[in-house]
Amino acid sequence: MAQQSQLVATRAPHLKIRVETTLQIMSEVMIALLPATLFGIYLFGLEALAVVAAAVAAAVLTEALAERRLSGFWELIGDGSAALTGLLLALSLPPTIGPGYAAAGAVCAILFGKILQGGLGRNLFNPALVGRAIMLAVWPGMMTAYVSPVDGTTTATPLIADAFGAWEVFMGTVPGSIGETSVPLLLIGGVFLLARGRIEWRIPVFFILATVVTATLFGAEVSLHLFGGGLMLAAVYMATDWVTSPISESGQILFGIGCGIGTVLIRELGAYPEGVTYAILLMNACTPLFDRFLKRKAMGEA
Amino acid sequence: MAILTVRTVKERLEAALQRRRTRSFDRGIDLPEHKHYTADKPTETLPCPETVVVPLNQHTGETVEPIVSVGDHVVSGQKIGDLEEKWSSPVHAGVSGVVTHIEPRPFGDGTEVPSVVIKADQHQSVPEFTPRADWESLDRERILAVIKDNGIVGMAGAGFPTHINIDVRTKIPTLIVNGAECEPFLTSDHRIMVERADAVIGGARIIARVIGADHCYIGIENNKPDAIELLTEKTRDLPEFSVVPVAVKYPQGYKKTLLRAITGKEPPLGGRSADVGCIVRNVSTTAAIYDAVVLNKPLFERVVTVSGLHEITRPGNYRVPIGTPLRHILEHVGVDLEALGGYKVVRGGPMTGTAVDTLEAPVVKAATGILVMPPGAIQPAYERINPCIRCSACVKHCPIGLYPNEISQLVEAGTPEAAERLHIDECCECAICSYVCPAYRPVTDLVMEGKAILKERKRRNR
Ligand code: SF4
Ligand code: SF4
């Protein structure tokens, strides 16, 4: 009889579940961001590395403290989502901001963007963007002071300084935040994530299309809109965040279009060129609506 | 990795196209098959168990009353439990022997079910049944009575009484015989099709007579080419039969998905397959109907696949009396019972079966297989309910097109009634949503829990 009490009698499935854990998925997104991150560090030097390290560490620690997961390294890392939030935030910051402010932003991102909203999966807004929005409100000057990787002088982002050509903006050898500048590297990572099924193609594709169309209607420089101001980073890695984007396919299309139109509208009509952050946050707020009203039919539903 | 030449690319494209052309349903998943351990193993018998424990409820419906007493001698195939009630199904002695107990015994799922315990005689004579030569002259009511009397219930997991299932008021034009057997490891239906093709076809003709069907499809997953070939050959001169290969995909063998794959129809929400003019019956059940009606043989034994990701000396398909304790079977196929700590022993398939809590649990009419799964092959128990990360994997794969993510959250929040709007009742309990969830969230458990709560509430309000 002894062995019987040791039989495991939990419910089906009685197979090992598909071996993709949340940690693995988050790691893959971080791997996809690695080329852009390394390029940012190469462009802006150790200053950028310090910003990235500080933001990631602060994000991971904040969440671990809040959830009391402190016994060992893997406990701290948890499902990896905090580290990803920290990394995304850091990549959207100017390298000159310094590790202190970066860490403060990361704490805000996790605290206000995630924990106070109920934790992973329950947050309405993308945590990295919440952190960024808070920093924009508190330190507007520092957030928009970009250093040129070419001569080290401080300039505004290329969106308002029309001094850069489309090619330079595309390749990323222009002032900007740490990870947002090199479009090809960001796209390589995006293709990898698409191939791995980690992001939905509809959101970035319609985000980009809507940006092009709206910018053309405004008669604005399309390439600057597209390759500058962190649009690629946001379209591929932030707008596609599962937690804060719609599940239904039609919802994803509308979400992407909304982000694109919103970005150009805010940039062209707003007071300062932070279109992407606010456009996505606004669409995040609409996500529950999309999910609620754009449901596919169940089998046999008339 | 194969070198990509023009030819291999072409071959792959063709294979992909072929796959698209094969009949199937939407969504669902590919599972590792694990069928080769037993697919080619002809059905064998095992030494007779010392005792059998025959539960008096192996079906959807009322528990039957014992009609024998402790001390009685019974012979195999003798009816030992019955009830007048239509929503029930009698049970029969699996072996010849003496009734030693009539009492609740562990069913394996944590509950106890009233059971008749029979101590087997030393010498088991082969039970003989007189075939009904005149079955073709039986009328519909008589056939239904014979089917009920012989204890025929759905043998693929549901245990729904067959005499209720096929007792339809209007003519049902289409019969689908379900030979999909989509769950990994299981090959008992496969063996029935290969070894007892005539019984499958005969049983199908009987059901077709009862429901008034003029066409019978036999749906078989593409991974059983020998069964497809044999049944196609055997039905060549029967124009009312067509054998339909269907895609290998889980849960192809669920009645509504198979129905969808073969006819393109979907029963309305809350409806049954009969609402779109179809009845779906599994091949083993169909063969059992043939046995009951033509051979006059009750359902007192069945074929089970014994397999799993474990060093089993003799994995295979075994014909065993209903009521045989799992312990007896595992011992005889060479499983070391002492070494099963931390293992799962599953009665049924790996996606829908029951992991039993005791090896005394019996083989029941609906037990398709017995699987021995070592700790490394199963998922560890859920320690807590992780949050949903909204990856939408469950939504993409749910064969019924539900939103398991939202349903599970509503149940978790204690408001399962809100999930009715999301058609929680339509869930077929395929366990895909748990299987694909990267957040390691017990999605299926929550959905099933919600279903159970709502069902219980409805029962109480009645
Ligand atoms: S909700 Fe039900 S039918 Fe849908 S995947 Fe989960 S268990 Fe299967
Ligand atoms: S698979 Fe799990 S994490 Fe993904 S949406 Fe479904 S419940 Fe949420």
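Convention: sequence-line order gives letters A, B, ...; per-chain numbering from 1. Keep in mind that the numbers below use all heavy atoms, side chains included, and drop hydrogens, waters and symmetry copies.
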Less than 4.5 Å to any heavy atom of chain A: does that hold for the side chain of B:P268, its backbone, both, or neither? both
Compare every heavy atom of B:D357 with every heavy atom of A:L7, then report the nearest pair and how far apart it is. CD1-C, 4.1 Å
At their closest point, which heavy atom of A:W242 faces which heavy atom of B:I389, and how far apart are they? CB-O, 3.4 Å
Toward chain A, the part of B:K265 with a non-hydrogen atom under 4.5 Å: neither
Option that, when pairs with chain A are counted at under 4.5 Å, heavy atom only, ranks first among B:P32, B:G270, B:G376: B:G376
Considering only heavy atoms, which portion of B:T257 lies under 4.5 Å from any heavy atom of chain A: side chain, backbone, both, or neither? both
With a 4.5 Å limit on heavy-atom distance, are the side chains of A:D291 and B:R390 in contact? yes
Ignoring hydrogens and angles, tell me if any N or O in the side chain of B:R260 forms a donor-acceptor pair with the backbone of A:M299 under 3.5 Å. no
Using a cut-off of 6.0 Å, state whether more than 12 heavy atoms not belonging to B:R272 lie near its atom CZ. no
Under 4.5 Å heavy-atom distance to chain A, tell me which part of B:L371 shows up: side chain, backbone, both or neither. neither
Looking at A:E249, I want to see if its CD is surrounded by more than 12 non-hydrogen atoms of other residues, nucleotides or ligands under 6.0 Å. no
Report yes if some heavy atom in the side chain of B:Y343 is under 4.5 Å from a heavy atom in the side chain of A:Q6; otherwise report no. no
Please classify the contact of B:C391 with chain A as side chain, backbone, both or neither, using a heavy-atom distance under 4.5 Å. both
When the 4.5 angstrom heavy-atom criterion is applied to B:V346 and chain A, the contacting part is side chain
NZ on A:K297 to CD on B:E266, rounded to 0.5 Å: 11.5 Å
Contact leader toward chain B among A:A9, A:P13, A:A298, where contacts are heavy-atom pairs under 4.5 Å: A:P13
Identify which part of A:K295 has an atom lying under 4.5 Å from any heavy atom of chain B, answering side chain, backbone, both or neither. both
For B:N405, which atoms come within 4.5 Å of any heavy atom of chain A: side chain, backbone, both, or neither? side chain
Heavy-atom contact with chain B under 4.5 Å, split by part of A:S245: backbone
Chain A interface, residue from B:C398, B:G401, B:A431 that has the most non-hydrogen pairs under 4.5 Å: B:G401
Checking heavy atoms, do the side chain of B:S434, its backbone, both or neither come under 4.5 Å from chain A? both
Between B:T444, B:V345, B:V356, the one whose heavy-atom pairs under 4.5 Å with chain A are most numerous: B:V356
Of the non-hydrogen atoms in B:M351 and A:A12, which two are nearest, and what is the gap between them? O-CB, 3.1 Å
So for atom NZ, which belongs to B:K255, do other residues, nucleotides or ligands contribute more than 12 heavy atoms lying within a distance under 6.0 Å? no
Contact summary for A:R296 and B:L402, nearest pair of heavy atoms: NH2-O, 2.8 Å
Please flag which part of B:F25 lies under 4.5 Å from any non-hydrogen atom of chain A: side chain, backbone, both or neither. neither
A:T287 portion near chain B, given a 4.5 angstrom heavy-atom threshold: side chain
Looking at every heavy atom in both A:H14 and B:G353, which two are closest together, and how far apart are they? NE2-O, 2.8 Å
When heavy-atom pairs shorter than 4.5 Å are enumerated against chain A, which of B:V276, B:I400, B:L269 gives the highest number? B:L269
Looking at B:Y382, does the NZ or CZ of A:R11 lie under 6.0 angstrom from its six-membered ring centre and within 45 degrees of the ring axis? no
Nearest atoms (heavy-atom pairs only) where A:T10 meets B:A381: CG2-CB, 3.9 Å
Measuring heavy-atom distances to chain A, does B:E406 have an atom under 4.5 Å in its side chain, in its backbone, in both, or in neither? side chain
B:S392 side-chain N/O to A:I247 backbone N/O, donor-acceptor pair under 3.5 Å: no
Against chain A, label B:P184 side chain, backbone, both or neither, depending on which of its atoms sit under 4.5 Å from a heavy atom there. side chain
Out of B:E183, B:M373, B:K344, B:Q379, which residue meets the side chain to side chain contact (heavy atoms under 4.5 Å, CB included) rule with A:L15? B:M373
